[in-house]
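Report on the structure given below.
Residue numbers count from 1 along this sequence.
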Amino acid sequence: MTKDMTHGSPFGLIIRFSIPLMFGNLFQQFYSMVDTIIVGRFLGKGSLAAVGSTGSLNFLIIGFCLGLCSGFAIPVAQQFGAKNYDEIKRLVGNIIWLTGGASALFTAVTVALCWPMMEWMNTPSDIIVEAYYYMVVIFAGIPAIFLYNILAALLRALGDSRTPVIFLVIASFLNIGFDLLLVLVIPMGVAGAAIATVLAQLLSGIACFIYVVKKFPILHVRREDLRPNTEYMRRLCAVGVPMGLQTSITAIGNILLQTAVNGLGSLYVAAITAGSRLYCLFVCAFDALGIAMSTYGGQNIGARKIDRLSPGLRAAMIIGSVYSILSLAIMYFFGMPLLTLFVEGSEVEILENAFLYLIINGLFSIPLAGVNIFRLLIQGMGYSKIAMFAGVCEMFARSLTALLLVPPFGFVAACFAGPIAWIMADMFLVPVYFMILRNIRRWGIA
């Protein structure tokens, strides 16, 4: 079912749109959590560190793919807001060509370069082989990742945030079954956990495709819509590539930080892995709010309803701030027991460091909410290239932390890398949003 976000209360629209997305993101994090829990509890802390050491590289490559898919959907949201349905079909036809080509290219390059990338990141010698096995399977599954995420992005562009979640929930439970089968019954180690994730993503993508074919004629393309068109591809890439690059630029800082943490040893890598996986579960709401603002901004820009943008922004920030305070309280009182899902209770040092990471990052959740809300709204308004510089700010902050602070101050400095990055990004995004809004009101929509 499509949803028009150009009419009605911004607060109500955003929260109703975000709630299904939040559950979807929770289950997407559930993929990672199940892998981490099973690997950590049944294969040991070495395997847990191996999976954790791939996190920033995963974010670099897979994050670009997800950003690309989200960016390709923004022109669709704008045309939906403008009620130009024939234009939507032509855009979708060219999206098919672009995502097919991108998935083939990224799969070939990343699989070929996986081992050298593990070495470049200074992955500890005691975990590098397992880290490679995990990551090369994930890279081989990039087409499945593209399939689900481009279809989910298109549905969200039309205002349907529920359907992708339904398929993702089903796939999450399948992922648990595959994990148990391929790690415990058929002992394939960390590679089995990666295969389970890829299979679950593939099944959710296939289910989403069948649903689109049956229920969304607005996305059905005709033969003439499938003709490659340079102008449409340029428009799509003008939004999609900056969104993908923004994630990848941010990931460069993460890679430098991960490299610095790798140098501290596998115990600290395991602590960061457990703490970050649990924290990501808490902050799924911010990703949901960001995606909601992207759709909200795209539809309202397409409908030329500029005065609805700032009320939507205020509503999203109120929701994000209240959620940040509540989630911090839960982290403080229940964080340690939850961390024992990933690590044996006897691993006291790992648990204490993971809890420290969790609380430090939890204290700065409101700035993180601001990054997602402002950045995705700016992208939805059609200014992806400008929003990309927020990723540069984050990269700069994490890189400085990795190079200058982690060597003398160790693990504690690594815990502050995220908060420093979020604050720097907000210092760029907040004034830029108001500058763009002022220019739109003065000169019209670019």
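Arg235 CZ: more than 12 foreign heavy atoms inside a 6.0 Å radius. Annotation: Phe396, atom CZ; neighbour count of heavy atoms from other residues, nucleotides and ligands within 6.0 Å does not exceed 12. Around CE of Met435, the count of heavy atoms belonging to other residues, nucleotides or ligands within 6.0 Å exceeds 12. In Trp97, the CH2 atom is not crowded: 12 or fewer heavy atoms of neighbouring residues, nucleotides or ligands sit closer than 6.0 Å. Residue-environment remark: OH (Tyr133) stays at or below the threshold of 12 foreign heavy atoms within 6.0 Å.
By the 4.5 Å heavy-atom criterion applied to side chains, Leu267 and Ile350 are counted as neighbours. With contacts defined as side-chain heavy-atom distances shorter than 4.5 Å, the pair Leu168/Tyr148 qualifies. At a threshold of 4.5 Å between non-hydrogen side-chain atoms, the residues Val165 and Met22 do not count as touching. Side-chain contact check for Ser18 versus Ile319: every heavy-atom pair is 4.5 Å or farther apart. The shortest distance between side-chain heavy atoms of Trp422 and Pro419 falls below 4.5 Å. Pro75 places a side-chain heavy atom less than 4.5 Å from the side chain of Val239. Using a 4.5 Å heavy-atom cutoff, the side chains of Arg375 and Glu394 are in contact. Ile195 has its side chain out of reach of Phe178: every pair of non-hydrogen atoms, C-beta onward, lies at least 4.5 Å apart.
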**Message:** Between Asn353 and Glu349, is the side-chain contact (heavy atoms from CB on, under 4.5 Å) condition met? List the steps.
**Reply:** CA-CA 6 Å; Asn353 285 325; Glu349 185 179 1; 3.8 Å; yes
**Message:** One pair to check against side-chain contact (heavy atoms from CB on, under 4.5 Å): Met243 and Ile74. What are the steps and the verdict?
**Reply:** CA-CA 10 Å; Met243 285 188 71; Ile74 286 175; 3.4 Å; yes
**Item:** Residue pair Ser70, Ile291: steps toward the side-chain contact (heavy atoms from CB on, under 4.5 Å) verdict
**Value:** CA-CA 8 Å; Ser70 296; Ile291 295 170; 5.7 Å; no
**Item:** side-chain contact (heavy atoms from CB on, under 4.5 Å) assessment of Asp179 paired with Leu184
**Value:** CA-CA 8 Å; Asp179 263 319; Leu184 301 182; over 6 Å; no
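Here the side chain of Gln78 pairs a donor or acceptor atom with the backbone of Gly380 at under 3.5 angstrom. For the pair Asn361 (side chain) and Tyr357 (backbone), a donor-acceptor distance under 3.5 Å is present. A distance-only check finds no donor-acceptor pair linking the side chain of Thr295 to the backbone of Ala292 [under 3.5 Å]. Counting only distance, with no hydrogens or angles, the side chain of Asp426 and the backbone of Val371 share a donor-acceptor pair below 3.5 Å. Panel note: side chain Ser365, backbone Gly362; a donor-acceptor pair is recorded below 3.5 Å. Checking side-chain atoms of Ser103 against main-chain N and O of Gly100 turns up a donor-acceptor pair under 3.5 Å. Side chain of Ser327 to main chain of Ser324: a donor-acceptor pair is present (N/O by atom type, distance under 3.5 Å, no hydrogens or angles).
Taking all atoms of both residues into account, the shortest heavy-atom contact from Met5 to Gln299 is N-OE1, 2.7 Å. Taking each heavy atom of Val198 and Ile138 in turn, the nearest pair found is CG2-CA, 4.2 Å. In terms of heavy-atom proximity, Arg398 sits nearest to Gly418 at NH2-CA, 3.7 Å. Smallest separation of non-hydrogen atoms from Leu437 and Ser310: CD2-OG, 3.2 Å. Scanning both residues, Val76 and Ala157, for their nearest heavy atoms gives CG1-CB, 4.1 Å. Pairing each heavy atom of Val190 with each of Glu130, the nearest pair is CG2-O, 3.2 Å.
One distance of note links CZ of Arg308 with OH of Tyr296; it measures 4.0 Å at 0.5 Å rounding. For the atom pair Leu182 CG and Asn175 CG, the distance stands at 9.5 Å (nearest 0.5 Å). One finds the CE atom of Met117 at 5.5 Å from the CD1 atom of Ile61 (value rounded to the nearest 0.5 Å). Distance CG/Asn372 to OG/Ser294: 11.5 Å, rounded to 0.5 Å. Going from atom CD1 of Ile436 over to atom CD1 of Ile378 covers 4.5 Å, rounded to the nearest 0.5 Å. Rounding to the nearest 0.5 Å places CG of Leu289 at 10.0 Å from CD1 of Ile19.
Pairs passing the ring pair (Phe, Tyr, Trp, His ring centres under 6.0 Å) check and including a residue from residues 265-286, sequence neighbours excluded, read Tyr268-Phe411, Phe286-Tyr323.
Listed by chain and residue number, nothing satisfies the ring-ring contact (aromatic ring centres under 6.0 Å, His included) test with Phe389 (two or more places apart in sequence, or in another chain). In this structure, Trp120 has no ring-ring contact (aromatic ring centres under 6.0 Å, His included) partners at least two apart in sequence or on a different chain.
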